[in-house]
2 protein chains.
Amino acid sequence: MPAVSGKVNPDLLKERSNCTFNVEEFAVWWNGGPEKLKEKREIEKVLLEDEKEDDDVPISYLSHKELYEASTKKSARLYIKLRRRLPKIELKYGNYAESLGALRKVVNLMRGASAVSEGYPFGVHFSMFLPTILSQGTVEQQKKWALKALNLDIIGTYAQTELGHGTFIRGLETRADFDPRKNEFILSSPTRSSYKWWPGGLGHTVNHVIVLAQLYTRGVHRGLHPFIVQVRDLETHKPMPGVIIGEIGPKIGMKAVNNGFLGFKNVRIPLENMLAKNAQVGAGGVFTKSPASVLTYGTMVFVRVLIVRDAANQLSSAVTIATRYSAVRRQSPIDPNKPEPQIIDHVTQQLKLFPNISKAILFNIVADKVWNIYNEVTEELGRGQLDRLPELHGLSCGLKAVCSADAAAGVEVCRLSCGGHGYMTSSNFPSLYGFATAACTYEGENTVMLLQTARYLMKVWRMALDGKKLMPTVDYLTKYVRTNPRPSKWDNSLLGMIDALECAAANKVRIAFDSVEKRKAAGMGPEEAANMTGIELTQAAVLHTRAYMVRTGYEEVKRITATLSPAIATVLNQVFELFAIDTFFTCMGDLLRFSGLTHTDLDGLQKKLESLLSKIRVNAVGIVDGFDIPDCVLKSTLGAYDGNVYERMFAEAQKSPLNKDPVNESFHLYLKPLMKSNL
Amino acid sequence: MPAVSGKVNPDLLKERSNCTFNVEEFAVWWNGGPEKLKEKREIEKVLLEDEKEDDDVPISYLSHKELYEASTKKSARLYIKLRRRLPKIELKYGNYAESLGALRKVVNLMRGASAVSEGYPFGVHFSMFLPTILSQGTVEQQKKWALKALNLDIIGTYAQTELGHGTFIRGLETRADFDPRKNEFILSSPTRSSYKWWPGGLGHTVNHVIVLAQLYTRGVHRGLHPFIVQVRDLETHKPMPGVIIGEIGPKIGMKAVNNGFLGFKNVRIPLENMLAKNAQVGAGGVFTKSPASVLTYGTMVFVRVLIVRDAANQLSSAVTIATRYSAVRRQSPIDPNKPEPQIIDHVTQQLKLFPNISKAILFNIVADKVWNIYNEVTEELGRGQLDRLPELHGLSCGLKAVCSADAAAGVEVCRLSCGGHGYMTSSNFPSLYGFATAACTYEGENTVMLLQTARYLMKVWRMALDGKKLMPTVDYLTKYVRTNPRPSKWDNSLLGMIDALECAAANKVRIAFDSVEKRKAAGMGPEEAANMTGIELTQAAVLHTRAYMVRTGYEEVKRITATLSPAIATVLNQVFELFAIDTFFTCMGDLLRFSGLTHTDLDGLQKKLESLLSKIRVNAVGIVDGFDIPDCVLKSTLGAYDGNVYERMFAEAQKSPLNKDPVNESFHLYLKPLMKSNL
């Protein structure tokens, strides 16, 4: 546990001494083993020192432009420091998985290390520019660009979204016309809405961009392909001829990411700048298409699993802040004869915090599980087996949508649980929310994601009707497709709850399927029928995903707890049970519709919920301590390990440039004339 | 409708020509009649001109300090302009209602006119400082301070919340000790947590503060009372001796409000600075207490009704932006043989927008109704009748909590419905959310509010058990207290829905009541029993409030539509029906638990929902146009009347100071060295 200089809040000390398990053991498990935890802490120490040597004005006081400059300065210095500490990174050209494995550490470290809480301007360089070269480039292309990118000799980003098109990428308008006389592509932005918009770092940071553009050769449209385009001069950083480039302005969060726009006025690039691992253009414009367009699925699944893990991380930060604050803050007597209690003793407060603790933990467990499935499927892909790809696609879309939405909502519940103080930037909730809510939109807008999952569910329901065998994650539907059994007698057990959830999910799938079919029978086209059934389809996808998470959580927790000490196993079981019951209450409308739950059952559930809250109460601070998020990453006046909330808030306010002078000049300029004016 | 220079987006033109009702008639109704609409537009014209003459860098690019200075400048100029246009304001000393009536126009105008979308530094001066002088001061005190305040000869704020205490005001620590030798109060801040924290304008704007402090006379604690304290010199603006004052730093929203902190080192103020309409301190420290502490209820109710109206306003802005954008934006084909549709044609998009349109309208209708009740009760208070006060308190607490939470969630749903572009500050969603979510915390944290409502419900349930007559808004409980009838046979009618909602609410009240009683019977004290039952209590309060809103909406819409043209009446009925069904789906778990709804009933409801969405679809743009929110108030690149979304977004980005230079100096300072470094 961290060394704390100065006094720790006595309520936090009390919480820590009451904790029933070994927090360090929890931290080891949570962080993936003793070596990983050790390494994480070493890196954080570097960061901590870094923080100390750069104690400037907090970034929240800076202007948009100053923030960009400060974050560029800080992240450049940090990258150099990190690289010098890490062993040499070996890229294996032609082996994407190995290269990415080698890269992942630096990507993760820079992410975790984000110089400031608002991101940094070359994040997309590591998370997308370099990986895309490795996954979409030929070995020659990888040799040409990958090492340069790794060493930041060139800095790049990935430009797909345009002003007029996001999730529906076939609608993108940027063109790459092949000129066979010169063996060049001509990039152009035919409309205002075709300008690239959003790529991180694009504004004033990068000099190279992977541009997704509609390829035309020999006058024929060949679909969307990636092109490497140099957009700024490497020496002067001036935009290249025909390149219109700049930044898009302020946003809710990720304020240091330097998102940009990009337009092309007939910019020429050589033939070899089309990333050509899958599709190729030959001399004279002969086009060879990708062997399987389904291969692009893989990367998308990868990113969506990352988002589930991000959701877990954001929630674990949010609950760490809110739980510690709730142990420190005293307010509103319960017993009028006693002093005001810690607000964590209000049951309504527990209901805000503890289900979000359970989500942080279960999202991470589910992310691990899906990560394993992803690796299996990727390996199968390498052997030419594609059959599990649609299942994984359906699963990852649903998880991405549900977890990102729950995480964003959970961060806000945690923030609101801290009252007015959560509203302050210095709580760091605003930055956390900025990241969490962005994930509801990027990498596939959530409603579109749910419709993807629903489309898969419609397909498998049809297969089940046809008597075909279903994939493991949807196999439960088979039970409901011909008959419609009520869930087995309700016994308040976890398996009973999972059964009830799956029964409800299967029935929602059935209802959506029947609605689509009815509409088609009435003469609607399949797409129009699906659009008109959109509400029922998305609901089915959500419920299916939630049922999957509870079943998976159940199985994984059983497996995990077998490896842990009894004290932690007990806590983890409680946490899982709370997750399951919380899911149950969230889906209550559907559950009551399709199950035979009685008043007595519901009373029992309510008691169970209240009893779990009180059991977790004693260990809540211990659990969030076990996440092992150091103060320099948490960046919160409310959530620091020592709990000195009011002192930190006051100290942070003192740093305001407005507080440097007792009288701001606007008094003399505007207020005094107003006071003296004759109204 | 506004004069538009330049081209209007053709999709918006089409929407407007398809609208089935007269938008101007809607605007007249929505804005409270032709005179009010005319006046509103005249004022907005002043603002519009104001905007034009001050086309500086958008505030979102400014630093925290620059933003304060810009907003002070702009709001000072605006106040002078507005006052010169308005007729003279006559304060009636000793008649709070009349004075406030005279004030309301300037308060509302300055609110609506907020120079910038992030509030302004003397908002609390008008909304709380001046009203508190008028409501809590003696006539002499009103004469001394009110006119000066109205003319901004003095600028004030209202300081209640402290670092360590918010909603639970009895816990406040700031002291006012009476010194009988000098007839003075000595104000002091005994701890760090006793520092005042949050008051708007306190940082660097105000020179006077109404301080809520614990009064001690003759060594005895006399409770919390308001004191007027001068905190800065009127000529130099320097802090007065013993006054520690500054601003608290950045927040999620309301960024131009200049919230501040305040500590006292034995600051002396004269006897007459205690606002003494209710309680008084006489010479020598003789204390006379307030005749009825319940009188303070009144102002709190007033503010909470205002918050319901704010919620309606915030939602109407949010749906205006999102609806217009959804008519302009084209994305994701429904029929693959047709061009991409307006996203408003996706049914899932309609489900995001139209229920929030219905909430904006119904919240406003409910606010009108409660405003009338408030006025009746205030009049009764004047005649010494206090019996309706607890009912009004219970009602207004529940409405404040439910409407502020729904509005904040609704703003976010609207924002997310605009995809990535909603994430940009220039959409103005971030500012709207900043305001909407703040209302979940200020003027009584929402969970505490719900517990207040629940406490009232427990009291009346007990009364009903005892056979006593209940007040009108809770009278429905009587029906369920002895027997527990299922709602009358479900017929898909609105009255049937209201019946089902009330049945569910009554049963939730019963469950909470029984849980509290059971815990008390088991030996718990009443407060501890209430705390342990907190989840069921808040749920009962929410459901009761929702049932109230639907019933009130039903009655009010019936009354209102009788005065409108059939075309608008039809639309308003559809909007109300959607509001009711949306509420129904929100409460589905409880409804299914306590009603006899069948699968067929639920299928019918789903069809009804889908049919209402498609009916409202044709008029959605017309309705939001009818809110008549001009571009200068909406301040959104996505929501402007002309629908030129991409042009505005691009133009706004061009204003970024970062885009003024093609190469930012951080390239030479940090990026180039990074690129050249030997990693």
Side-chain angles (χ1 to χ4, degrees), chain A residues 60-65 69 72-73 76 83 151-153 163 166 168 192-193 204 237-238 246-252 331-332 334-335 347-348 351 416 419-420 423-425 430 440-441 445 447 527-528 531 534-535 588-589 592 646 653 656-659 662-664 666-667 670 674-675 679, chain B residues 60-65 69 72-73 76 83 151-153 163 166 168 192-193 204 237-238 246-252 331-332 334-335 347-348 351 419-420 423-425 430 440-441 445 447 527-528 531 534-535 588-589 592 646 652-653 656-659 662-664 666-667 670 674-675 679:
Chain A
S60 54
Y61 293 113
L62 303 182
S63 74
H64 184 70
K65 183 163 178 264
E69 289 158 355
T72 305
K73 174 182 176 185
R83 279 296 298 277
N151 290 329
L152 282 170
D153 300 337
L163 248 182
F168 180 68
R192 170 57 46 83
S193 59
H204 295 82
H237 211 52
K238 291 229 171 90
E247 68 109 18
I248 62 172
K251 304 141 295 166
I252 292 180
Q331 197 87 170
S332 298
I334 295 172
D335 183 333
V347 172
T348 47
L351 187 69
L416 286 162
Y423 192 75
M424 298 205 62
T425 308
C440 297
T441 305
E445 191 277 329
T447 303
E527 293 86 0
E528 175 71 9
N531 177 43
I535 298 171
M588 191 50 84
L592 283 174
Y646 303 134
S656 168
L658 265 175
N659 286 335
V663 179
N664 180 270
S666 61
F667 170 73
Y670 318 119
L674 180 65
M675 289 165 65
L679 288 165
Chain B
S60 53
Y61 293 113
L62 303 181
S63 74
H64 184 70
K65 182 162 178 264
E69 289 158 355
T72 305
K73 174 182 175 185
R83 279 296 300 276
N151 290 329
L152 284 169
D153 300 337
L163 249 183
F168 179 67
R192 170 56 47 82
S193 59
H204 295 82
H237 210 53
K238 290 227 171 90
E247 69 108 19
I248 62 171
K251 303 141 296 166
I252 293 179
Q331 196 88 168
S332 298
I334 295 172
D335 183 334
V347 172
T348 46
L351 188 68
Y423 192 75
M424 299 205 61
T425 309
C440 297
T441 306
E445 192 277 328
T447 303
E527 293 86 0
E528 176 71 9
N531 177 42
I535 298 171
M588 190 51 84
L592 283 174
Y646 302 134
E652 194 75 6
S656 168
L658 265 174
N659 285 335
V663 178
N664 180 269
S666 61
F667 170 73
Y670 318 117
L674 181 65
M675 290 166 63
L679 288 165

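Protein chains get the first letters and strands the later ones, always in sequence-line order, with residue 1 at the start of each.
In this structure a side-chain-to-backbone donor-acceptor pair under 3.5 Å is present from A:Thr425 to B:Lys251. Proximity of a side-chain donor or acceptor of A:His204 to a complementary backbone N or O of B:Phe667 within less than 3.5 Å is not detected.
Of the atoms belonging to B:Thr441, it is side-chain heavy atoms, and not backbone ones, that fall under 4.5 Å from chain A. Of the atoms belonging to B:Leu351, it is side-chain heavy atoms, and not backbone ones, that fall under 4.5 Å from chain A.
Of the listed residues (B:Met424, B:Lys238, B:Arg83, B:His64), the one with the most heavy-atom contacts under 4.5 Å to chain A is B:Met424. When each of A:Leu152, A:Ile252, A:Asp153 is scored by its heavy-atom pairs under 4.5 Å with chain B, the top score falls to A:Ile252. By number of non-hydrogen pairs under 4.5 angstrom with chain A, the leading residue of B:Glu652, B:Arg192, B:Glu445 is B:Arg192. When each of A:Pro662, A:Ser332, A:Pro657, A:Gly246 is checked for heavy-atom pairs under 4.5 Å with chain B, A:Ser332 comes out on top. Among the candidates A:Asn659, A:Thr447, A:Leu592, the residue making the largest number of heavy-atom pairs closer than 4.5 Å to chain B is A:Asn659. When A:Pro430, A:Gly534, A:Ser60 are compared by the number of non-hydrogen pairs under 4.5 Å with chain B, A:Ser60 comes out ahead. When A:Val347, A:Thr72, A:Asn531, A:Leu62 are compared by the number of non-hydrogen pairs under 4.5 Å with chain B, A:Asn531 comes out ahead. For chain B, the option among A:Gln331, A:Glu528, A:Lys65 with the highest count of heavy-atom pairs below 4.5 Å is A:Gln331.
With sequence neighbours excluded, the residues satisfying side chain to side chain donor-acceptor pair (under 3.5 Å) with A:Asn664 are A:Ser666, B:Glu69. Residues meeting the side chain to side chain donor-acceptor pair (under 3.5 Å) test with B:Ser656, sequence neighbours left out: A:Glu247.
What you find for A:Val663 and B:His237 is that their closest heavy atoms are CG2-O, 3.4 Å.
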